[in-house]
Structure formats: structure tokens, C-alpha cells
Amino acid sequence: RLRKWQSRLRVSDAAERNLAFALSELDRIASQLKLPRHVEEEAARLYREAVRKGLIRGRSIESVIAACVYAACRLLKVPRTLDEIADISRVDKKEIGRSFRFIARNLNLTPKKLFVKPTDYVNKFADELGLSEKVRRRAVAILDEAYEKGLTSGKSPAGLVAAALYIAGLLEDEKRTQREVAEVARVTEVTVRNRYKELVEKLNLKIPV
Amino acid sequence: MVDMSNVKLRIENIVASVDLFTQLNLEKVIEICPNSKYNPEEFPGIICRFEEPKVALLIFSSGKLVVTGAKSVEDIERAVNKLIQMLKKIGAKFGRAPQIDIQNMVFSGDIGMEFNLDAVALSLPNCEYEPEQFPGVIYRVKEPRAVILLFSSGKIVCSGAKSEHDAWEAVRKLLRELEKYGLIEEEEEW
DNA sequence: GCTTTAAAAAGTAAACT
DNA sequence: AGTTTACTTTGTAAAGC
């Protein structure tokens, strides 16, 4: 009897310790990424639900916390790339991505709920690049037309937004280099060039020389 | 009725497990396998490649094998028989015919139509689509058990099926779902 | 869970020219 | 700016850590 009681105490002790560790890790990530409080709270809620459903089994607490942060950002439309989260997490991007897909499947986080409009990324990247409202609107128009013409399926949203901002910058005479847009979007210059090439060709854009 | 007349499937890879029902001394086996690799510290089996038929074999001391890379079941049988002839030269005894089980067949294919994967992900239940991580929609079919990767070009990859018939059934089920959610006839309405 | 093996899809990354 | 090679995803068995 006493033994059983003690083991239950031990189990809840471990569970509490794990939760405390998880929440401190969440705090660390949230403050470094300067996430709004509601995003951090949503990530904590997702984590508790994941624990309740036994989704942590076989995964590290850190990868699940990072995955919950990414999921909360997507759910609440607060753009953050997986790379930004992976940079400050101890686990790599691949592992966080796996945990993210696993919790998304099991917490019914459908693609619809997780969908973030390219527009939201436009504003985030444009903020970091110091681009005007005019350039942002032009970039969104380019992205909308690209979507209508079926040029976006399967492509990295970050890469598309980076190229759209690069083009919009050229068209509105607020040029940013490929290197600059690639850096804020966390994609390579080659990806910016590839998307740029396709958008300019298929949307018949005239780039001023 | 689902129209499968424009759908194509092609075998790309077959994985089979084999039991030779004989214990093997791997130290002796490596000496007769030309292009082979054996590092028990990193992997317990011998990794051996045949050029004809073109397959890769994993050979274990229990006498069990894994044959991968084959394009037909016949290739697997030929590879197993070829290995048995080689093993006989180093004194291995075979009292009965090997047991071959097909474990996985991978197909590449084409549905013959382009897709707006955002639209597919929004309406098709139980699918995954994370273009930042992988360009295709991942769709799992329960019965027959298989997974289909669907790309915007309409090209597909079907893996996990245990027969060509199962792969076709899995693709048929995906098409039924796509049709059910109005994702098939689209062509202009992106 | 991991280790190793095979092959395709289409996108992106890393390393070069 | 563009090429080559390599890696992302899916599934599967083997023996052992």
C-alpha cells in the first residue's frame, strides 16, 4: 500500500519536474524570439495537451516544446520560421519538424488551422528590411497573381515571399539585394534567384535596368 | 466512378526479407562477396551489391537477408539463387527452399492532372502538407496500407504497398477522396 | 528509438565554377 | 548567375544497442 503510494508520488514528482523543465525551456525560447504572451500561453497549452495525450513518449521534451512554439506561431499567425526556432533550440530542425508534424496530427491541427497567409510573412520580412507600404502591397499583388497562376504549389512560402519582396523592391525603386532578402527569409540566394526567375518570366514582369 | 485510365504507375523499388534457413559465418561470406562491406560495429549485416540483377543485399549471420533495389519479384528470386550458389562454394548447406516475403513496393506514377496543393490540404481529410519542409502532400491509406506523396504536377510516389494490386487500390482510394471533395475537375479554377 | 539499404517525386541547401 | 551533388519526405525487413 505504502509502496504504491510512494511510487505514485515519485511519478507525479517526475511529471512535475518535466513540466517545470519544459516551461522554463518555453520561457527561454519565447523571450529570445520576443514572442507575444498569448503565443507563449498557446504553446504551453499545446504542450500540456500533448503530455495528457502521451505524445511525448519517444521524443525529447525540448523538441516537443520547440514544435509547440512553432505550432502556436502558425495557429496565431505570428510568423516565425522553423530555422529561427531551431537556432536557439538544442535539437535540430529535422527533429523539431518531426515533432511538429506528430503533434499536429494528434492534436487535430489541420493544414487549415495552421495556414499562414504569405501576407503575414511579407510584413515580417519587410519590417526587417525596412521596406515601405508600397513595396509590401506590390509584393502581395505579385504573390496573389502567382497563386492564381499555380506557381506556388509545393514551393517554400519563405522563398516565394523573399522573391516577391526582391522584385517589388526593384519595381518600386527600393532595392534590397538578393543576399538581404534571402537572409531575413532564411533561404539561400539561389532559391531567391530561382523564384525570381520564374515569377518574372511567368508573370511577364518588366524589371527596370 | 473513378477514372483511372490516365493514371500511370511504375515500380521503382521492391524490398523483401528472406530466410535461407542456415546459419552463416559472415567472416567467410565477405571473402566471396566482391563489392561488400562489413563493419559489425556499425551494422550487424554484410552489405553486398549485385550488378545483375541490380540489387543490394543485407546478409545476416542468422541466414536471413534483406534484398532491396529490385524492380521485379523475379529479380529478387534471381538474386537469392545467385547468393545461394555463391554460399554453396564456401560449404553452406541448404536443406530447404528459401522463404521470400515482399515487404514493401515503391512506385512512382502520374495522375495526369495538376493540383493546387493548398486546396487539396484544405479539403482532403487526414493529409499533411508542409511546403516549407517537403513539396508534396502526404496521404495515408488505411486499407490497403500505403502512403502516397502527391505533387503539384500530379506525379505521385506510392510506398508501403505489398503488391502492385494494393498500390493501384491505394491510388484509387486517393482519387475517390479527391473526387469526393471536388478536387479532381479543377483545371482553371485555382 | 538508432544503425544500413534501395528508389522516385520536387524543392531547397551547400559547395563550387 | 548557374551547376553539381546531396539532402528533405514516404515505407520496410534484418540484429543489436
Side-chain angles (χ1 to χ4, degrees), chain A residues 57-60 63 82-83 92-95 97-98 101 152-160 162 178 182 185-198, chain B residues 9-20 24 26 36-50 53-71 75-76 79 100-111 117 128-141 144-162 166-167 170:
Chain A
R57 213 169 289 179
R59 259 160 284 268
S60 70
S63 77
L82 192 49
D83 290 74
D92 61 26
K93 180 178 162 186
K94 188 173 157 186
E95 196 52 46
R98 283 184 186 181
R101 272 173 273 138
T152 62
S153 248
K155 266 92 167 199
S156 149
L160 286 164
Q178 294 183 359
R186 308 297 302 256
V187 296
T188 63
E189 292 172 66
V190 176
T191 293
V192 173
R193 277 199 290 275
N194 288 339
R195 290 306 120 239
Y196 163 82
K197 228 179 124 182
E198 186 178 30
Chain B
L9 276 190
R10 191 165 70 152
I11 297 204
E12 297 292 351
N13 182 22
I14 302 178
V15 179
S17 57
V18 180
D19 195 344
L20 298 178
L24 264 18
L26 297 190
S36 57
K37 193 170 74 178
Y38 181 42
N39 296 310
E41 268 75 9
E42 64 176 65
F43 193 70
I46 289 177
I47 299 158
C48 176
R49 273 164 248 266
F50 283 174
K54 189 178 177 298
V55 297
L57 303 101
L58 305 181
I59 307 168
F60 301 90
S61 58
S62 61
K64 291 187 176 179
L65 320 169
V66 171
V67 184
T68 67
K71 300 270 190 203
D75 277 358
I76 290 175
I100 300 176
D101 294 303
I102 302 302
Q103 301 290 162
N104 182 21
M105 295 181 89
V106 181
F107 295 80
S108 63
D110 196 344
I111 287 182
L117 299 186
E128 296 177 42
Y129 177 51
E130 284 296 325
E132 207 70 76
Q133 305 185 231
F134 190 72
V137 162
I138 302 169
Y139 185 70
R140 287 157 211 280
V141 179
R145 198 180 149 156
V147 175
I148 298 170
L149 309 180
L150 172 66
F151 299 88
S152 63
S153 62
K155 298 272 183 65
I156 59 175
V157 169
C158 175
S159 60
K162 290 232 176 341
D166 281 358

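Numbers restart at 1 for each chain; the letters A, B, ... are given by sequence-line order, proteins then strands. Because only heavy atoms are used, hydrogens play no part in the values below, and waters and symmetry mates are left out as well, while side chains stay in.
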Contacts of A:Ser63 meeting side-chain hydrogen bond (donor to acceptor under 3.5 Å, both in side chains) (sequence neighbours excluded), chain-then-number -> A:Ser60, A:Ser99
Of all residues at least two apart in sequence or in a different chain, which pass the side chain to side chain contact (heavy atoms under 4.5 Å, CB included) check with A:Lys197? A:Glu201
Would you say A:Pro157 and B:Pro131 make side-chain contact, with heavy atoms under 4.5 Å? yes
Report yes or no: does A:Tyr196 contribute a side-chain atom to a donor-acceptor pair with the main-chain N or O of A:Leu160 at less than 3.5 Å? no
Using the side-chain hydrogen bond (donor to acceptor under 3.5 Å, both in side chains) criterion, which residues pair with B:Asp101? Sequence neighbours excluded. B:Gln99
Tell me which nucleotide among D:dT10, C:dA10, C:dT4 gets nearest to the side chain of B:Glu42. C:dT4
Candidates B:Val67, B:Leu65, B:Ile59 - the one meeting side-chain contact (heavy atoms from CB on, under 4.5 Å) with B:Cys48: B:Ile59
ring-ring contact (aromatic ring centres under 6.0 Å, His included) partners for B:Phe50, two or more places apart: none
Residue list, side chain to side chain contact (heavy atoms under 4.5 Å, CB included) with B:Ile47, at least two apart or on another chain: B:Lys37, B:Arg49, B:Leu58
Nearest-nucleotide 5' precedence on DNA chain D, B:Leu149 against A:Tyr196: A:Tyr196
Between B:Gln133 and C:dG11, is there a side-chain N or O to OP1/OP2 distance below 4.0 Å? no
Rounded to whole Å, CZ of B:Phe134 lies from P of C:dG11 at a distance of 10 Å
Residue whose closest nucleotide on DNA chain C lies nearer the 5' end, B:Asn13 versus A:Glu95: A:Glu95
Looking at D:dA1, I'd like to know if its phosphate oxygens (OP1 or OP2) sit under 4.0 Å from a side-chain N or O belonging to A:Lys197. no
Whole angstrom is fine here: how far is it from CD1 in B:Ile156 over to C1' in C:dA10? 15 Å
When B:Gly69 and B:Val157 are each assigned the nearest nucleotide of DNA chain C, the 5'-most assignment goes to B:Gly69
Please tell me which of the listed nucleotides, C:dT4, C:dA10, D:dG11, lies nearest to the side chain of B:Val106? D:dG11
So, using side chain to side chain contact (heavy atoms under 4.5 Å, CB included) as the criterion, who are the partners of B:Arg140 when residues are at least two apart? A:Arg105, B:Glu128, B:Ile138, B:Lys142, B:Val147
Listed by chain and number, what are the side-chain hydrogen bond (donor to acceptor under 3.5 Å, both in side chains) partners of A:Thr188, not counting sequence neighbours? A:Thr191
Per atom distances to the A:Arg193 side chain, the nearest of C:dT5, D:dT10, D:dG2 is D:dG2
For B:Phe107 and C:dA8, give me the distance from atom CZ to atom C1', rounded to whole Å. 12 Å
I want to check one thing: is the phosphate of D:dT8, taken as OP1 and OP2, less than 4.0 Å away from some side-chain N or O of A:Lys94? yes
When rounded to the nearest Å, what value does the distance between C1' atoms of C:dA8 and D:dT3 take? 22 Å
Who passes side chain to side chain contact (heavy atoms under 4.5 Å, CB included) against B:Asp166, sequence neighbours left out? B:Pro144, B:Ala161, B:Lys162, B:Ser163
B:Tyr38: what forms a ring-ring contact (aromatic ring centres under 6.0 Å, His included) with it, not counting sequence neighbours? none
Distance check: side-chain N/O of B:Arg140 vs OP1/OP2 of D:dG11, anything under 4.0 Å? yes
Quick one: label B:Glu41 by what it contacts on the DNA or RNA (base, sugar-phosphate, nothing), any heavy atom closer than 4.0 Å. nothing
Is B:Lys71 salt-bridged to B:Glu12, cutoff N-O under 4.0 Å? yes
B:Glu12 CD to C:dA7 C1', straight-line distance once rounded to whole Å: 6 Å
Tell me the interatomic distance from B:Leu117, atom CG, to C:dA10, atom P, rounded to whole angstroms. 11 Å
Base versus backbone protein contacts along nucleotides 12-17 of chain D [heavy-atom cut-off under 4.0 Å; B, S, -]: BBBB--
Decide yes or no, distance alone: a donor-acceptor N/O pair under 3.5 angstrom between the base of C:dG1 and the side-chain of A:Arg59. no
How many whole angstroms separate atom CD of A:Glu189 from atom P of D:dA1? 9 Å
Stems for DNA chain C (at least 3 consecutive Watson-Crick or G-U pairs, under 3.5 Å) come to C:1-6 with D:12-17, C:10-17 with D:1-8
Measure the distance from CD1 on B:Ile138 to P on D:dT9 and round it to the nearest whole Å. 9 Å
Can you tell me how far C1' of C:dG11 sits from CG of A:Leu82, to the nearest Å? 16 Å
How far, in whole Å, is D:dT9 from C:dA14 if one measures between their P atoms? 15 Å
For D:dA1 versus C:dA9, give the span between their P atoms, rounded off to a whole number of Å. 29 Å
What string of B, S and - do you get for nucleotides 12-17 of chain C, 5' to 3', if B is base contact, S is sugar-phosphate-only contact and - is no contact with any protein heavy atom under 4.0 Å? SSS---
